[in-house]
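These numbers come from the heavy atoms of this one structure, side chains and all, not from hydrogens, waters or symmetry mates.
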Amino acid sequence: MFEPKIVCFLCKWCTSAGADLAGTSRLKYRPNGVNIKFMCSSRVDPEHILWAFHEGADGVLIGGCHPGDCHYEDGNYKTQARVSLLNRLLDDLGIDTRRLRLDWISAAEGSKFANVMNEFTEELRSLGPIKLAAREMAK
Amino acid sequence: MKRIGVFVCHCGINIAMTVDVKRVAEEAMNMPGVAYAQDYIYMCSEPGQALVREKIKEEELDAVIIAACSPNLHESTFRAAAEEAGLNPWQCEIANIREQCSWVHTNREKATSKAIRIVDTLVQKTILNESLEPIPVSITKKALVIGGGIAGIQAALDIADSGYKIILVEKESSIGGHMAQLSETFPTLDCSQCILTPKMVAAGKHPNIELMTYSEIEEVSGYVGNFNVKIKRKASFVDWSKCNGCGLCMEKCPAKVPSLFDRELATHGAIYVPFPQAVPNKPVIDKDNCIYFKSGKCRLCEKVCEIGAINFEQEDLIVEEEIGAIIVATGFETLPVPNLVEYGAGDVPDVIDGLAFERLLSASGPTVGEVRRPSDGMVPKEIVFVQCAGSRDPERYRPYCSKICCMYTTKHALLYKHRVHDGQPYIFYIDIRTGGKGYEEFYHNAELDEGIIYLRGKVAKIFRDGDKTVVWGTDTLTGRNIEIAADLVVLATAMIPKDSTAELVKKLRIQTGPNGFLSEAHPKLRPVESINSGFYIAGAAQGPKDIPETVAQASAAACKVISLFSRDHLEQDPAIAWVDEDLCGNCRICISVCPYDAREFDEEKGIVIVNEALCEGCGSCVAACACGATQQRNLSDSQIRSMVTASLGGE
Amino acid sequence: MSENMGLAPPKSPPIRLTREVVNSGFKQRVNELSGQHMDACYQCGNCSSGCPLAQEMDILPNGIIRLVQLGQRDEVINSETLWICASCFQCTVRCPKGIDIQAVMDALRQMALDEGVDHFGPDQIDPEQAALVPQPGLVGVYRKLST
Amino acid sequence: MAKIAYYPGCALNERSSHLDRSARDATVRLGFELDELDTWTCCGAVPPVSKERVMNLIAPSRILKNVRDSGRDILITICDFCYNTLKRTNFSIKTDDITRKRVNAFLADDTPEREYLEKDDTLWEDYAGEVRVIHLMEYLRDELGYEKITENLKRPLKGLKIAPYYGCVMLRPQNEIQLDDPENPSIIEDFITALDAQPVKYPYRTECCGSYLSVSSPDASTRLCYRILTSARNSGADAIVVSCPLCFYNLDSRQKAITEAYSDFKPLPIFYFTQLLSVALGVEYGRQGFEKHYVDVTPVLDKIDISTGKGDE
């Protein structure tokens with residue numbers, strides 16, 4: 001079966017803590033993603049996302065705090081704006097926008113984190129691998 | 001190139017069961033820059049730390065990576081160990097292969113492969129890590145305690161006694177909280193007011209404590225050691241500096257308002273103090289129920305107040321305070337009876353909750369301590385107590401155990417028997433939980449001496465039939481259903497966080513768990529701290545707990561604050577933004593995205609610089625910088641790119 | 001152990017628990033057929049408390065679930081309770097642990113009926129009633145109580 | 001006049017025809033017509049017995065698929081058993097992919113056009129729960145609005161105290177039915193209020209009457225009905241209103257056995273909600289089928305001068 005590779009950019013305060021909670025709760029989810037922890041989701045530069053696709057990622061997950069809960073006041077709104085801009089570019093590159101997923105997952109939502117990882121893995125499986133040309137263009 | 005050491009922890013079997021730790025260490029040896037790699041059963045133990053220190057010296061390592069549990073747990077442990085062996089603490093990184101790998105996956109092959117990629121990701125970061133020095137910041141040695149129940153009072157007194165200043169903010173007009181409502185307390189049956197009132201008075205008089213009752217938190221900004229807090233002092237329409245507490249205004253007020261303190265079993269005027277022992281003992285006018293505010297006529301209180309303390313023109317006041325640490329002790333409330341539809345949805349008058357029963361038992365309560373039911377004042381002869389009313393019910397109400405109900409229900413039945421000798425109490429329970437010093441003995445004696453009938457089963461339905469209140473339950477021990485036509489039913493309703501907690505945590509930006517209680521930084525090892533530094537938690541706001549536990553946690557939180565205040569200065573994480581002066585194009589977009597005003601235009605250099613004291617390291621400006629001039633220390637764009645590549649298993 | 005065939009069986013013999021009994025697959029089968037998780041039950045007895053037909057039953061609903069947890073297939077399958085339950089869903093809507101007890105009862109009825117014995121037949125119906133009772137009553141009783 | 005697809009079910013077609021007739025009479029006066037399906041079968045009266053057996057789902061699914069294929073998206077039922085069975089079947093099909101596939105496989109296998117399907121499977125469209133199954137009372141509350149009833153009252157039932165009886169399957173299981181709060185419902189009370197009568201609350205309104213046990217364990221049902229009827233009477237009710245044929249049968253006919261078993265018992269008339277609606281909207285007295293009742297309803301209707309035919313249009 002096709003095993004998609006996922007890069008997860010997680011904010012330290014909410015989503016990474018949520019991922020830790022999934023662990024302490026011993027929830028089980030698909031092992032397709034590796035987490036990279038940032039202080040805030042607003043540290044994610046669209047270039048990092050394109051780089052991930054170029055380097056072989058089949059999907060990119062960005063996890064931040066729920067609207068209004070950002071540790072840095074409004075970092076998550078900036079992230080949302082940047083992601084929606086990038087989505088237009090992904091279309092042009094021929095990368096399905098479903099491959100870039102932005103979720104608000106709080107420190108209390110271990111089960112949401114697990115569900116998102118499972119759902120996203122399933123979705124990427126159904127989308128299949130990214131075409132090579134698109135990867136090259138992502139550079 | 002740097003010489004990096006990788007240490008892979010088994011965590012007993014916690015990691016080793018799903019991750020092949022030996023293979024992770026072997027693979028690490030092949031990663032560029034890695035000069036040494038080893039696995040060990042417990043890295044956080046002293047021998048584990050000693051191993052790290054020893055290898056740093058022996059192998060002349062420039063940096064270390066510990067592949068173990070979440071950095072929230074042991075990052076500081078290992079950074080201290082690295083520092084002891086001569087490394088800069090920022091040359092130590094933690095790879096989380098437990099919470100985010102071994103505990104969440106089952107396939108050993110895949111988990112091992114993921115663990116290897118996690119380690120490689122951190123290796124790539126570490127290669128480019130700089131040695132950093134923490135940024136010193138000053139501390140305002142004044143604490144804020146939010147919530148004036150027993151938790152807040154205890155914490156405030158402990159901090160105040162150590163010589164630091166405290167502001168104690170309470171939403172109601174008096175401190176005291178729920179403990180002031182209780183009659184007697186388990187398992188010793190001390191009178192609650194007798195043990196609480198001296199502490200309330202002490203808090204009111206302490207030179208280091210400033211009471212701000214009838215006040216709410218409006219806004220909190222800043223960070224540990226340097227918070228700026230805006231507090232709203234609600235208009236009480238009484239000038240407390242003039243009021244001498246004579247009480248004449250309250251006597252004359254013609255309005256009748258249900259007393260929340262007495263659980264609506266009694267009324268008070270629109271100008272009132274919640275209870276006679278209030279601290280401060282000053283009245284407030286309830287604007288929503290005051291006849292003058294509603295109709296424009298009355299002002300009787302004003303007429304009778306000879307010293308002119310009534311002031312209908314008073315307005316809410318915002319005060320600003322500089323604060324170093326904040327203790328959140330906002331307490332609990334109980335699940336409202338109307339939520340329990342199968343128990344009469346609040347429409348059956350003789351179905352009350354435990355706090356209302358406390359008021360009926362209290363010598364200072366509406367019945368002066370006589371047990372009389374609300375509908376007609378009759379002394380109930382058949383009384384049913386229902387435990388787990390909304391607790392341990394994940395499907396419809398609250399999933400957790402409210403912890404104190406087993407004990408207080410037994411206390412209720414026992415105190416009822418002491419007052420109504422020929423009455424019969426019945427207690428429906430699912431399990432009796434008596435964990436606590438002297439608790440099991442208390443329960444044992446009640447069972448033995450008081451003639452209480454314990455029925456093991458959950459009540460399905462309660463309804464009114466004539467002047468009786470019918471309870472349908474079961475006794476799972478005999479396998480027979482039970483029907484009791486009771487005179488009074490007391491529900492041990494679930495303990496829930498105060499409804500204002502959700503709004504408050506948004507202002508404080510601290511975390512709550514799935515049930516709305518405050519989250520602690522670690523469930524076992526950091527139980528009185530929030531994840532966010534500078535915030536401490538105490539009492540039932542963190543989860544159901546009884547008085548001794550609440551007091552213990554409050555003192556512990558106070559101790560944490562005192563320990564913080566005992567330092568000369570704090571150290572701030574230096575992983576903040578910096579600017580490559582040659583690259584800055586002065587577009588100033590960074591200024592617009594910074595939430596802390598930490599990006600400022602430097603006129604001399606003609607570029608935008610970073611104010612290191614204000615930067616919190618979110619990285620938003622780094623992502624926004626169009627020319628790559630702004631970078632984050634130890635999380636540069638080139639570090640992120642190589643981390644991404646490594647996380648995908650690439651070269 | 002020898003069986004004293006000559007004696008009347010004891011009124012309340014001990015339930016002899018062994019790994020084989022507990023893991024006989026009975027509980028798993030009930031889980032499969034009902035789509036419920038028997039081990040979620042913490043024996044609060046709420047299902048029995050509110051059951052309108054509890055007084056007609058030989059084993060209360062919570063007792064049935066307990067016996068399933070303990071692998072006591074024969075006692076459950078032979079219980080009158082299965083044929084007294086009116087499928088009114090009161091227990092299902094009130095279960096604090098979200099167990100659809102109605103589905104459990106249906107699963108147990110099916111297992112009992114699979115042994116081939118009907119618990120109600122056309123000969124047992126009162127002819128006067130048969131002429132009057134609305135069809136859902138007749139269809140319901142046959143569907144629930146016979147194969 | 002708007003025509004809404006209507007599934008009467010076996011009981012309304014025959015033994016409970018007065019429920020059917022009064023519903024048709026009343027709805028016409030409210031501006032819509034119950035349009036009986038051209039062909040229909042028995043729904044099976046009880047929904048899925050276990051996860052492994054889909055047979056009980058086939059008959060209700062076929063009914064629902066036919067409704068969808070005829071281009072309609074709402075189906076009205078009145079009998080609580082039909083309502084429960086059709087609505088829960090729909091729920092299983094909508095929420096469980098495996099069930100949906102199995103049921104559709106059966107339906108496709110069974111259809112008269114099967115040979116065409118074998119050649120071209122695009123002719124077949126799986127039934128996926130598209131039809132909304134609605135109880136007539138739900139339609140009155142949500143689609144029409146109870147105020148529309150009040151506006152059209154010709155004979156307000158002012159002065160009558162009516163006890164609603166919900167029984168079991170009209171409200172439960174709640175996660176699938178979602179009609180009202182199963183512990184504290186108000187849909188029938190509000191209906192009674194809309195007729196200008198006074199609803200009486202009593203604790204047994206959601207307690208089961210024994211359902212089909214009436215056939216297999218009549219004594220149990222007698223005991224249950226006695227408690228329900230006595231509780232309603234003690235709360236001051238003149239009568240009980242129901243919507244389900246089996247509730248009606250148990251609460252009405254069983255009063256014979258109750259009177260024999262309990263010396264303190266006094267009979268209480270039972271109405272279908274549609275009968276009260278028909279009377280209140282001024283349908284000619286006598287069309288409601290009151291002669292089919294075991295307990296005479298005329299003394300209650302006499303209280304407000306209805307049985308004399310006053311107010312007929």
- Item | Atom group of A:S16 that falls short of 4.5 Å from chain B, counting heavy atoms | both

- Take A:M39 and B:E616 through the side-chain contact (heavy atoms from CB on, under 4.5 Å) test and state the conclusion after the steps. CA-CA 9 Å; A:M39 294 296 272; B:E616 290 273 298; over 6 Å; no

- Segment of B:A575 engaging chain A (4.5 angstrom heavy-atom cut-off): neither

- Tell me, for A:C70 versus chain B, whether the close heavy atoms (under 4.5 Å) come from the side chain, the backbone, both or neither. backbone

- Measure B:T512 against the heavy atoms of chain A and call it side chain, backbone, both or neither at under 4.5 Å. backbone

- Task: Could you tell me which non-hydrogen atom of B:C618 sits nearest to which non-hydrogen atom of A:S42, and how far apart they are?
- Result: O-OG, 4.3 Å

- Does CG belonging to B:L128 count more than 12 external heavy atoms closer than 6.0 Å? yes

- Task: With side-chain contact (heavy atoms from CB on, under 4.5 Å) as the test, would you mind laying out the steps for B:H105 and A:Y29 before giving the verdict?
- Result: CA-CA 6 Å; B:H105 306 313; A:Y29 56 84; 3.7 Å; yes

- Measure from the side-chain N and O atoms of A:K5 to the backbone N and O of B:L648, and report whether any donor-acceptor pair falls under 3.5 Å. yes

- Message: side-chain contact (heavy atoms from CB on, under 4.5 Å) for B:T121 and A:V34? Distances and angles first, verdict last.
- Response: CA-CA 9 Å; B:T121 304; A:V34 169; 4.1 Å; yes

- Between B:K506 and A:P67 the two heavy atoms that sit nearest each other are NZ-O, 4.4 Å

- Message: If you compare all heavy atoms of A:W13 against all heavy atoms of B:I531, which two are closest, and at what distance to 0.1 Å?
- Response: CZ3-O, 4.4 Å

- Message: To the closest 0.5 Å, what do you measure between CG (A:L21) and OG (B:S70)?
- Response: 11.0 Å

- What part of A:I36 gets closer than 4.5 Å to chain B, counting heavy atoms only: side chain, backbone, both or neither? side chain

- Could you tell me which portion of A:E3 (side chain, backbone, both or neither) has an atom closer than 4.5 angstrom to a non-hydrogen atom of chain B? side chain

- Any side-chain heavy atom of A:C65 sitting closer than 4.5 Å to one from B:Q511? no

- Item | Enclosure of B:D597 CG (heavy-atom neighbours >12, cutoff 6.0 Å) | no

- Pick one of side chain, backbone, both or neither for B:N532, based on which atoms fall under 4.5 Å of a heavy atom in chain A. both

- Note on the structure: Among B:I118, B:V104, B:N72, the residue with the most heavy-atom pairs under 4.5 Å to chain A is B:V104

- Under the side-chain hydrogen bond (donor to acceptor under 3.5 Å, both in side chains) rule, collect the residues that match up with B:R98, sequence neighbours excluded. none

- Query: Given the options A:N32, A:T79, A:V60, A:D45, which has more heavy-atom pairs under 4.5 Å with chain B than any of the others?
  - Reply: A:D45

- Quick one: CD on B:E99 to OG1 on A:T24, what's the gap to the nearest 0.5 Å? 6.5 Å

- Cut-off 4.5 Å, heavy atoms of chain A, and the answer for B:V505 is neither

- Item | Heavy-atom pairs under 4.5 Å with chain B, option from A:P46, A:C40, A:S41, A:G75 with the top count | A:C40

- Between A:K28 and B:W103, the two heavy atoms sitting closest are NZ-O, 2.7 Å

- Message: I'd like to know if B:D637 pairs up with A:R43 as an ion pair, taking the criterion as any Lys NZ or Arg NE/NH1/NH2 lying under 4.0 Å from an Asp or Glu carboxylate oxygen.
- Response: yes

- Please say whether more than 12 non-hydrogen atoms of neighbouring residues, nucleotides or ligands are located less than 6.0 Å from CD in A:E47. no

- By a 4.5 Å heavy-atom criterion (distance strictly below it), what part of A:F9 contacts chain B: side chain, backbone, both, or neither? side chain

- Message: Just so I know, are the side chains of A:K37 and B:P71 near enough to count as touching, which here means a heavy-atom distance under 4.5 Å?
- Response: yes

- Message: Can you give me the closest heavy-atom contact between A:V7 and B:S647, atom names plus distance?
- Response: CG2-OG, 3.7 Å

- Query: Do A:N35 and B:N96 have side-chain atoms, one donor and one acceptor, less than 3.5 Å apart?
  - Reply: no

- Heaviest contributor of heavy-atom pairs below 4.5 Å to chain B, chosen from A:A108, A:A17, A:G56, A:P31, is A:P31

- Task: Flag yes if more than 12 heavy atoms outside B:I13 fall under 6.0 Å of its CD1 atom; otherwise flag no.
- Result: no

- Query: In Å, rounded to the nearest 0.5 Å, how long is the span from OG of B:S102 to CZ of A:R26?
  - Reply: 8.0 Å

- Look only at the side chain of A:W51 and the backbone of B:R641, and say whether a donor-acceptor pair between them is shorter than 3.5 Å. yes

- Heavy-atom pair of closest approach, residues A:K78 and B:S620: CD-OG, 3.2 Å

- Note on the structure: Applying a strict 4.5 Å limit to non-hydrogen atoms, the region of A:R82 in contact with chain B is side chain

- Partner chain A: residue of B:N515, B:L635, B:T106 with the largest heavy-atom pair count (under 4.5 Å): B:L635

